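Here, residue 1 is the first one in the sequence, and each next residue gets the next number. Predicted model, so just to flag it, every value in this text is computed and none were measured. Read the numbers this way: they start at 1 and go in the same order the structure lists the ligands and their atoms.
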Amino acid sequence: MLREAVDALNVRPGGTYIDCTAGGGGHSAEILGRLPGGRLIAIDRDPQAVAALQKRFSGSFVTIVNDNFFNIKNILSNLDIDGADGILADLGVSSHQLDTPERGFSYHHDAPLDMRMSMSGRSAADVVNTLPQKELQRIIYAYGEEKYAPSIARGIVREREKEPVMTTGRLADIIGSCVPAAARRGGHPARKTFQALRIEVNGELELLGTAVSDLFGCLKSGGRLGVITFHSLEDRTVKKVFASYCVGCTCPPDFPVCVCGKKPQGFLPFRAKTPGEAEIAENPRSRSAKLRVIEKY
Ligand SMILES: C[S@@+](CC[C@H](N)C(=O)[O-])C[C@H]1O[C@@H](n2cnc3c(N)ncnc32)[C@H](O)[C@@H]1O
């Protein structure tokens, strides 16, 4: 949804735009191509992505920032920017992260169990080897929507007592042994647990609602915020925050006049968009993508 997402931002020449999750720079390049005389801020928390962005955009008017966009207020204040005309957040992991075995995001390669987008802090191995069983079960159930969470958490704890679980391959094998054979027909048995651990390691969901509110707060009047999500947990959060900015008066219907004085602060220019069949055929990972956009009054 590269072109669609950038189309939805209504990029205006001379404006200020922010790509919160610049990754390989695909969306940033598309924005830049429509932005004569404007300013683009490209953020990513992954130092490897930032190094690639610096190479790709050297000599152009792109400010590249290595940070978590959840800190957007600080990032903009450090850059003396008081508002943006358009902001895009394309959530989740990049193909580079998934396809680089040493980053430890994928159950398709046997590699150190890492999963840290920022390449710092607590790794997936730390989570798997130190959290109590109940907490592991909660994470796998809540962030992976995995119904076999109790059995997987039990299996992890049993196996780590023999020897710490340090690799993606060993973790995938443990998960496989905890899931009934019949359940394996719906895709790789480790998919949901790996998603859950990645979300936990990178703190992707806990403060997402606040971060999306902060992004909306950074828009100028008439500016647009687009968010692309990859699973229903993220999408629900984004949908809820956007809806909260679109409601006006919240007085009970039997009040003769409004006493709350609330006015909508934005509107949704279109319903959520999903990729077409051609895009899914070309890039199967886009299958679960959803784009939501809000415009500020
Ligand atoms: C789906 S990819 C983005 C791909 C990008 N739109 C492109 O065109 O190449 C997600 C990227 O966002 C980064 N990321 C995810 N969450 C982030 C956050 N909270 N703050 C900053 N970067 C984040 C990841 O490191 C990854 O590089």
Side-chain angles (χ1 to χ4, degrees), residues 1-9 11 17-34 40-57 62-76 78 86-100 102-106 114-121 123-124 143 195 197-215 218 225-231 233-235 237-238 241 275 279 282-291 293:
M1 286 200 286
L2 191 139
R3 211 154 303 127
E4 253 168 332
V6 178
D7 284 349
L9 291 183
V11 177
Y17 289 83
I18 303 169
D19 183 351
C20 292
T21 50
H27 285 104
S28 285
E30 187 70 28
I31 295 172
L32 198 61
R34 305 178 190 196
L40 174 63
I41 318 299
I43 304 170
D44 204 293
R45 67 194 298 193
D46 182 339
Q48 285 186 347
V50 164
L53 291 163
Q54 276 160 346
K55 229 184 201 173
R56 180 165 184 178
F57 295 115
V62 183
T63 306
I64 295 161
V65 179
N66 186 196
D67 204 338
N68 186 332
F69 78 81
F70 286 19
N71 302 322
I72 192 70
K73 289 182 181 167
N74 280 337
I75 295 171
L76 294 197
N78 289 339
I87 304 180
L88 182 66
D90 178 14
L91 302 179
V93 266
S94 65
S95 298
H96 172 80
Q97 288 163 338
L98 277 174
D99 297 338
T100 307
E102 314 85 82
R103 300 297 301 268
F105 284 98
S106 171
D114 191 316
M115 301 195 189
R116 296 170 297 177
M117 290 185 195
S118 66
M119 303 179 84
S120 64
S123 69
Y143 298 158
Q195 171 184 296
L197 290 171
R198 194 201 82 212
I199 290 174
E200 169 67 15
V201 165
N202 296 289
E204 291 174 51
L205 264 182
E206 221 174 329
L207 297 173
L208 179 64
T210 311
V212 173
S213 289
D214 288 348
L215 294 180
C218 292
L225 165 63
V227 184
I228 303 173
T229 59
F230 283 87
H231 52 79
L233 298 164
E234 286 172 343
D235 184 55
T237 303
V238 174
V241 175
E279 181 168 359
E282 197 182 311
N283 174 16
R285 280 180 192 153
S286 70
R287 189 182 302 112
S288 40
K290 208 173 239 186
L291 167 70
V293 172

Taking only heavy atoms of [X], which atoms of ligand 1 are found under 4.0 Å from at least one of them?
X: G25; result: 7 (C), 9 (O)
X: G26; result: 7 (C), 8 (O), 9 (O)
X: A22; result: 5 (C), 7 (C), 9 (O)
X: D46; result: 25 (O)
X: F70; result: 19 (N)
X: D67; result: 20 (N), 21 (C)
X: L91; result: 1 (C)

To check your reading of the model: name the closest protein heavy atom to [atom], its residue, and the distance in Å.
atom: atom 22 (N) of ligand 1; result: R45 N, 3.1 Å
atom: atom 1 (C) of ligand 1; result: V93 O, 3.3 Å
atom: atom 11 (C) of ligand 1; result: D44 OD2, 3.5 Å
atom: atom 10 (C) of ligand 1; result: G92 O, 3.1 Å
atom: atom 9 (O) of ligand 1; result: G24 N, 3.0 Å
atom: atom 4 (C) of ligand 1; result: D90 OD2, 3.4 Å
atom: atom 12 (O) of ligand 1; result: T21 CB, 3.1 Å
atom: atom 19 (N) of ligand 1; result: N68 OD1, 2.8 Å

Looking at [Y], is its backbone amide N or carbonyl O close enough to the side chain of [X] to form a donor-acceptor pair, meaning the two atoms are under 3.5 Å apart?
X: R198; Y: F105; result: no
X: N202; Y: M115; result: yes
X: S94; Y: Q97; result: yes
X: R56; Y: A29; result: no

Is there a heavy atom in C20 that sits closer than 4.0 Å to ligand 1?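 Within the 4.0 Å threshold, so yes.
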Report yes or no: does a heavy atom of H96 sit under 4.0 Å from some atom of ligand 1?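 No, H96 has no heavy atom closer than 4.0 Å to ligand 1.
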When you compare ligand 1 with [X], is there at least one nitrogen or oxygen pair between them that comes in under 3.5 angstrom?
X: A49; result: no
X: D19; result: no
X: F69; result: yes

Shortest non-hydrogen contact from [X] toward [Y]:
X: L215; Y: F69; value: CD1-CE1, 3.7 Å
X: S28; Y: A22; value: OG-CB, 3.8 Å
X: R34; Y: D7; value: NH1-OD1, 2.6 Å
X: S123; Y: V201; value: C-CG2, 3.9 Å
X: G92; Y: E204; value: CA-OE1, 4.2 Å
X: D44; Y: T21; value: OD2-C, 3.9 Å

Tell me whether the count of non-hydrogen atoms from other residues, nucleotides or ligands lying under 6.0 Å of CD in Q54 goes above 12.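 Counting other residues, nucleotides and ligands, CD of Q54 exceeds 12 neighbours.
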Is atom CZ of R3 surrounded by more than 12 heavy atoms (other residues, nucleotides or ligands) closer than 6.0 Å?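 12 or below, so no.
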At a non-hydrogen distance cut-off of under 4.0 Å, which region of M117 contacts ligand 1 (side chain, backbone, both, or neither)?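 It is the side chain that gets close, since no backbone atom is under 4.0 Å.
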Once you restrict to heavy atoms under 4.0 Å, what part of E204 touches ligand 1? Side chain, backbone, both or neither.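 Within the 4.0 Å criterion, E204 makes no contact with ligand 1.
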Hey, are the side chains of I18 and L76 touching, using non-hydrogen atoms and a 4.5 Å cut-off?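 I18 reaches L76 side chain to side chain.
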